[in-house]
Chemist: 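Let me begin by handing over the structure; questions about it come next.
Residues: numbered from 1 along the sequence shown.
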Amino acid sequence: VLRPTLPDSWGELAIAADYYDIVIENGVAQVGANNLNNLCYDDPGFRSATGAGYCTYITRDSARRLFVSNSYTRKLGPGRFRANLEIQTFKSQPLQLIPTSPSTDFNGTVNAPKTAADLELTYTWDKWRIRASTEYLSSTDSTDIRNSANSQFRYYTESYSQYHASLQYTNEKWEATVGLRNLTDEE
């Protein structure tokens, strides 16, 4: 974590970055009902006395990821302001169902976006806290993975953002929060 020294009137800044390049061999992942059924039922060894066959070969995915977290805090008026920004971007998200199948990189496909980000702005004073935040997911496209060349379907989602706000009051015995999620009613 990098924490540069700033003049007191500027506040506090913290920057952190993590890079992951994870390879998992012989792990376990969910193959999915269709894949598992097709591979197991089609395998001649499926009904053997030993129970051998494709059902015993399941591997887990690997991932290459960059995660950056930044926070900025400063005294502002009678209270304290804080901004947090977290960005996570994947360079790859491969999956290999069984050792003999090809590895497929699902990075940027539906359920595996390349980039996700969260921004949170908070102002706290006395017993009150005001919070505004946004969440972002990059666009995804699984059309090439899910469809044959002749298909008319497109498995695509545009980038997506949600905006939230809340007001919180806290005293010694109780706490109350009123908030709104997805302020723009984006679906």
Chemist: Could you tell me which non-hydrogen atom of Ser9 sits nearest to which non-hydrogen atom of Arg74, and how far apart they are?
Modeler: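 Closest heavy-atom pair between Ser9 and Arg74: O-NH2, 2.7 Å.
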Chemist: Over all heavy atoms of both residues, which pair between Ser166 and Thr177 is shortest? Give the atoms and the distance, please.
Modeler: CB-CG2, 4.2 Å
Chemist: Apart from Leu119 itself, what residues make up its hydrophobic cluster, given side-chain heavy atom links below 4.5 Å?
Modeler: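 For the cluster that includes Leu119, the remaining residues are Leu2, Leu6, Trp10, Leu13, Ile15, Tyr72, Leu76, Phe81, Leu85, Ile87, Leu121, Tyr123, Trp125, Trp128, Ile130, Leu167, Tyr169, Trp174.
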Chemist: If a pair satisfies salt bridge (Lys or Arg N to Asp or Glu O under 4.0 Å) and one of its residues is in residues 4-14, list it, with sequence neighbours excluded.
Modeler: Glu12-Arg80
Chemist: Running the 4.5 Å side-chain criterion over Ile, Leu, Val, Met, Phe, Trp and Tyr, what cluster does Leu137 land in, apart from itself?
Modeler: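 Joined to Leu137, directly or through intermediates: none.
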Chemist: Tell me whether Thr143 contacts the main-chain N or O of Tyr155 through its side chain, where contact means a donor paired with an acceptor under 3.5 Å.
Modeler: yes
Chemist: Not counting sequence neighbours, list each pair that qualifies as a salt bridge (Lys or Arg N to Asp or Glu O under 4.0 Å) and has a residue in residues 117-135.
Modeler: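 Listed by first then second residue: Glu120-Arg131, Glu135-Arg181.
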Chemist: For Ala165, enumerate each residue passing the side chain to side chain contact (heavy atoms under 4.5 Å, CB included) test, keeping only those at least two apart in sequence or located in another chain.
Modeler: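 For Ala165, the residues satisfying side chain to side chain contact (heavy atoms under 4.5 Å, CB included) (neighbours in sequence not counted) are Leu183.
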Chemist: Would you give me the side-chain donor-acceptor pairs under 3.5 Å for residues 107-115, sequence neighbours excluded?
Modeler:
residue : atom : partner : partner atom : Å
Asn107  : OD1  : Gln93   : NE2          : 2.8
Asn107  : ND2  : Phe90   : O            : 2.9
Asn107  : ND2  : Lys91   : O            : 3.4
Thr109  : OG1  : Phe106  : O            : 2.5
Thr115  : OG1  : Thr89   : OG1          : 3.4

Chemist: Please determine whether residues Tyr163 and Leu180 belong to a single hydrophobic cluster, defined as Ile, Leu, Val, Met, Phe, Trp and Tyr linked transitively by side-chain heavy-atom distances below 4.5 Å.
Modeler: yes
Chemist: Could you verify whether a donor N or O on one side chain and an acceptor N or O on the other, from Gln162 and Tyr160, lie under 3.5 Å apart?
Modeler: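 Yes, because at least one side-chain N or O of Gln162 sits under 3.5 Å from a partner of the opposite role on Tyr160.
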